[in-house]
Amino acid sequence: MVTIMDQYNPSAIEAKWQDRWEAGECFVADNNSDKPKYYVLEMFPYPSGRIHMGHVRNYTLGDLVARFRRAQGFNVLHPMGWDAFGLPAENAAMERGVHPGKWTIENISAMRAQLRGMGLSYDWDRELATCTPDYYQHEQRMFLKFMEKGLAYRKESWVNWDPVENTVLANEQVVDGCGWRSGAPVERRLLSQWFLKITEYADDLLDAIEGLDRWPDRVRLMQQNWIGRSEGARVRFALSGEIPKDISAETDYIEVFTTRPDTLYGASFVAVAANHPLAIAVARDSDDATDFLAECAKLGTSEAAVETAEKKGFDTGLTVQHPLVADCQLPVYIANFVLMEYGTGAIFGCPAHDQRDLDFANAYNLGVIPVVLPEDADAGDFKITDTAYTGPGKLFNSGPWDGMNVEDGKRAAIAALEAAGAGNGQTTYRLRDWGVSRQRYWGCPIPIIHCDSCGLVPVPEADLPVELPEDIDFEAPGNPLSNHPTWKHVSCPDCGGEAIREQDTFDTFFESSWYFLRFADPHHPQGFSREAAAYWMPVDQYIGGVEHAVLHLLYSRFFMRALRDTGYLEGDEPFAGLMTQGMVCHQTFRGADGKWLFPTEVERDGDSWKLRDTGTAVTAGRIEKMSKSKRNVVDPDVIIETYGADTARLFMLSDSPPERDMEWTEAGVEGASRFLKRIYRLAADPSLSKAEAQLPDSGAGGDLVRAAHRAIDAMTADIEAFRFNKAVAQLYTLANAIGEVRGNEASDLAARRFGVETLIRLLYPLAPHIAEEIWEVLGHEVMLADTDWPKADPDMLTEDSVEIGVQVNGKLRDTVSLPVDAEEDVARAAALASAGVIRYLEGREPKKVIVVRNRIINVVV
RNA sequence: GCGAGUGUGGCGGAAUCGGUAGACGCAGCGGAUUCAAAAUCCGCCGCCCGCAAGGGCUUGGGGGUUCAAGUCCCCCCACUCGCACCA
């Protein structure tokens, strides 16, 4: 018989149960089970060396879901791994001379120990690290399959170059014109790069968002915007008049993209981007044009630059023929607001119905021809001066389309363009193909060989995997793999001649785009089996930060489709349910010198704060996301040492709903700790072990039994709906109800024991160690990890009577106690007899009495 | 600029269907226990007036619908996030 220790001692309890769970193989997932499956996954961490509070929150949320579903009888897969390629490892190599692989492996073992200390219910047999050939070899094969299918290709293109990281970035990794990690302004470079054809799936990725009904709307919207489908038309404008030879040699037309072909009759100019081939051709013979192009090139793409930039243009002197109006010639400008990257790099301007075009037309005295008439306007005096009209209306000044609405006008315009051979309907996307080449060492080698005579040659199956060389020099500038003396030199698999390996490695988002599949079948020689993928996928609940809304989450959706179409699996969506957790925030502090201070350096001084050792006053700043740079961080290890993992977990779940930002406070942690100590004391009551009587159904004991059933019912619903803060409140409420039963009759003891046992079972997924300990002390031999979730007895959830508010003219004046489902006349009589109503009526007859059963009574006078 | 979200006591937050606003916790206040403190236990706790009984006000602001509005509709304000010369 295990007896309870005098005092709650988290470190002893937690180590004990972590060992027991491991020895009992409690959390090993079964690929051949009759139970329904449930796959819960938290976004795997980069092994930076230490976990932070964001990890603690993320994994606490996941562990709650995993333990809850397991108790409900699901075959739960809850794995953990390491997103182990990436730049910090190379930086460590440069700064400290340690090999990236060694550094990464050491970090992994340190972090694994920290995670173990949190008591997380992972199936560690499925652990993976993406930097091992055992993992990355599979993506080399995937890549070659993608190539065969035309989903991976190489092209020369302008790319985003991060001058600090010395590598290319994907469009998704450029934020406000700067590198997402380095923060350095990106440069544009023309390079030969590998791309994955995500645009092939643009429509599918967009349309399928609708089916992701367990994703936050916010993320779905962000993906929609990122894909950015816009429907419109391509329109060809033939160059007219005298065309200089230089230009006619290049082209004899300009093709534009528009979403408003219905406004074609309102066109007054055509403009091309500064890096459009036509602009470059014009600049060959014109110093003024060359100067203008240089000016445009100088203008950054940053937010600030864009906002302050004036609409500027350069009149090329060229004209184009309007495709539908015979005698209409339009001037051709080079304009700084036209982007080569979007559409065709050229537009037609309809100033009346586009604000940008209007600003431009006003600056260069171009015509403004309104062609859409708002419903309540008069064609005679409708004028556009400095605000363009973009709303709905009837077309006018538009020849055969007059009188049509905008939508019909678009269709008519496309039909007319197609008939005239001057254009066609066209859908464009903001989404670009995913550039995956990175000029880094610590990534997965791209399995390609460059041969002067055979071209691009895939590394043959037998030669896979292409492993990274161990001996590597980070001192020289540039790509370390290129600098390696021998690694890149190979003979061509086709002709046997001298050839050279591809020296770029994959973007590390490649690894995270399929790791959830590897977890399903972590030792399979082909990466994973169709059967395992079919059984476990999709992930039922995915949990992580919202910062991956368009990176990882979009790439993974693409990968599922690409793997489906290359024969790896069936299905298309990786994550059926997504929960994006809020950030962990903390107050910031600055010393007299303006430098940031750690919370550990500071202590309370009445309403303000002071330095712990000198007592000097400290400035308390905003509550912000915990970050090393602001020093407002709290080390999870210190918290776990001081309070225990259960306390840290409980606090993470209390108070704030999981999707919202939360503030980490000492007082909050103390509160969680106090609650666990209180539960421990409740359970330490020796009389509980003697409770063997029948459960009472009346009196204080009966109330407690009903309260326990209500707690089960509410808690189950709250966990299923991710209302974890409310779930914690249910625990407090039940604990309070237990405290109400103070008698020592056999029935009281029985009720108390039932209350405590229920409380412990409900507490288990949140604070599992203390729950297991108390469960054992109460005499149970089967661990809670192997115990079913409690079920509420529906009969115990109903009450006999209900307190109902009584209003007079909508204002609460009294309450009455009524039997549940009381008849209307009974309720009415009770309300009219209540003191508050009598006082208010002062003898008057009520006009009307509204009775809403079991809810409210409103007396209207 | 466009899109989305948020706004409730001193604080974090409840209120799931239009039906007793403020569950639960934190902080605070009072008491018990203690030589004392910590811890613990009991009680109070939206704001204003009042000894009390009771009354008035209150969910960012203003209007509206309704017997009844934190919740629905219209207008406005503030903050947060995402996108952005996107044709």
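Source: prediction; values computed, not measured. Chain A is the first sequence line, chain B the second, and so forth, proteins listed ahead of strands; every chain is numbered from 1.
Residue contacts shown for A/Leu221 are limited to sugar-phosphate atoms, with no base heavy atom under 4.0 Å away. When heavy atoms are screened at a 4.0 angstrom cut-off, A/Val860 is found touching the sugar-phosphate backbone but no base atom. Using a 4.0 Å heavy-atom cutoff across all strands shown, A/Arg742 reaches sugar-phosphate atoms only and no base atom. Among the protein residues, A/Thr815 comes within range of the nucleic acid bases, having at least one heavy atom under 4.0 Å from a base atom. Nucleic acid contact class of A/Val338 (heavy atoms, under 4.0 Å, all strands): base. Nucleic acid contact class of A/Phe257 (heavy atoms, under 4.0 Å, all strands): base. Across all strands shown, A/Arg430 has heavy atoms under 4.0 Å from base atoms, whether or not it also approaches the sugar-phosphate. A/Lys811 comes within contact range of the sugar-phosphate backbone alone, with a heavy-atom separation under 4.0 Å but no base atom that close.
The closest side-chain donor-acceptor pair between A/Gln426 and A/Arg234 falls under 3.5 angstrom.
The side chain of A/Tyr732 places no N or O atom within less than 4.0 Å of a non-bridging phosphate oxygen (OP1 or OP2) of B/G25.
Base orientation of B/G62: anti, since the glycosidic angle falls outside 90° of 0.
Comparing B/G19, B/A4, B/G56 by their closest approach to the side chain of A/Tyr840 singles out B/G56.
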